2 protein chains.
Amino acid sequence: MALRVRKNRVAIPAGVVRVKSADAAHACPLTRVMGLLSGAWAPHVVWYLSDQPRRFGELRLDIPAISARVLSQRLRELEAKKVITRAVVPTTPPSTEYELTALGRELVPALAAIAAVGEKLGTEEAPPPRRRRRRAS
Amino acid sequence: MALRVRKNRVAIPAGVVRVKSADAAHACPLTRVMGLLSGAWAPHVVWYLSDQPRRFGELRLDIPAISARVLSQRLRELEAKKVITRAVVPTTPPSTEYELTALGRELVPALAAIAAVGEKLGTEEAPPPRRRRRRAS
DNA sequence: CTGTATCCAAACCGATACTG
DNA sequence: CAGTATCGGTTTGGATACAG
């Protein structure tokens, strides 16, 4: 993995190299996992699925701020990435069970670590994730 | 914090409540931290800053895929959120030192957990984070 | 109940060019 | 070196309405 920008490579004077951080050793392990959790809500989905399998509507209640559209999108993406499984229970009315796969469960400790930080920061005021104001009209 | 969607609230028959997951107990601790790491590159910035303070150009080399514009944006956002500090060293040419704050260091373990998962998944092929194809023209 | 389709806004990102 | 300005493109997300 070439360690240099494509276009605007900055010329660092040889000898001023302070510390070669990205040495392919612990290069970008974040990238892989981040790819699995793309989108602001994917982590929440996995998180709420970590307790036990849940259904669409339950997840919707777990994450009030999410819209059905986005929840559906993330769910299908996570399914495609083998992070969760989708099981349709042919009842009336039909219901679906979403559950973490082995891969998905791998992510839980990481999310737990994040949640732990959140708890620790805790009480401090927390700016809402990313509220969008609807246009004034 | 009302546990119900604003508009499209789904009516779950009372008695079918499987498990009350989001009970304000371990509600959404992710949200707070996610807000700190908004954007696909913010985690990387914090991650590469976890070793030691680094300069703008160094971070740019650490994260080849990032553009100067976005790096600058994230840097200023993280500074505003008190995750990092910016110190301008009045030399010629001028240089700047970015360093994690106490808050920023809180995030490192969480990122380490993510990185650990990434390492564990490791060798498996990893779809690039979110490569954008430039337009064909 | 479980989604999907449209419409629209905002966040995010890269390339390039330019300033102090 | 350290940024910012501008431009255009992609991605994510909310609201609403509607379908199986």
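Keep in mind that this is a model prediction, so the values were computed, not measured.
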*Determine whether B:Thr96 and B:Val89 make a side-chain contact, defined as any pair of heavy atoms from C-beta on separated by less than 4.5 Å.*
no
*Over how many whole Å does the gap from B:Trp41 atom CH2 to D:dT10 atom P extend?*
18 Å
*asked:* Tell me the interatomic distance from A:Glu77, atom CD, to C:dT4, atom P, rounded to whole angstroms.
replied: 12 Å
*Can you tell me the distance, in whole Å, between the CG atom of B:Leu71 and the P atom of D:dC1?*
14 Å
*Taking atom CZ of A:Arg54 and atom CD1 of A:Ile84, what is their separation to the nearest 0.5 Å?*
13.5 Å
*Whole-Å distance separating the CD1 atom of B:Ile66 from the C1' atom of C:dC13*: 9 Å
_N-O pairing of A:Glu97 and A:Arg55 below 4.0 Å_ = no
Can you tabulate the close N/O pairs, meaning under 3.5 Å, that link protein atoms to atoms of nucleotides 2-6 of chain D?
from  : atom 1 : to      : atom 2 : distance (Å)
D:dA2 : OP2    : B:Gly57 : N      : 2.8
D:dG3 : OP1    : B:Arg86 : NH1    : 2.1
D:dG3 : OP1    : B:Tyr98 : OH     : 3.3
D:dG3 : OP2    : B:Thr96 : OG1    : 2.7
D:dG3 : OP2    : B:Tyr98 : OH     : 2.5
D:dT4 : OP2    : B:Ser72 : OG     : 2.1
D:dT4 : OP2    : B:Arg76 : NE     : 3.3

*Return the value, rounded to whole Å, for the distance between atom CG of B:Leu78 and atom P of C:dC12.*
11 Å
*Between the first and last five pairs of the helix from C:dC1-D:dG20 to C:dG20-D:dC1, the angle of the axes, rounded to 10 degrees*: 40°
_SB check B:Arg74 B:Glu77 (cutoff 4.0 Å)_ = yes
*Step through it carefully: locate the ring centre of B:His44, locate the ring centre of B:Trp41, and say whether they are under 6.0 Å apart.*
yes
*Could you give me the CA-CA distance, side-chain angles and deciding distance for B:Ser50 and B:Leu100, then say whether side chain to side chain contact (heavy atoms under 4.5 Å, CB included) is met?*
CA-CA 7 Å; B:Ser50 65; B:Leu100 291 184; 4.3 Å; yes
*What is the distance, rounded to the nearest whole Å, between atom CE of B:Met34 and atom C1' of C:dC12?*
14 Å
*Go through the side-chain N and O atoms of A:Ser38 and A:Lys81 and say whether any donor and acceptor fall under 3.5 Å apart.*
yes
*asked:* Using 0.5 Å steps for rounding, measure from the CD atom of B:Glu106 to the CD1 atom of A:Ile114.
replied: 13.5 Å
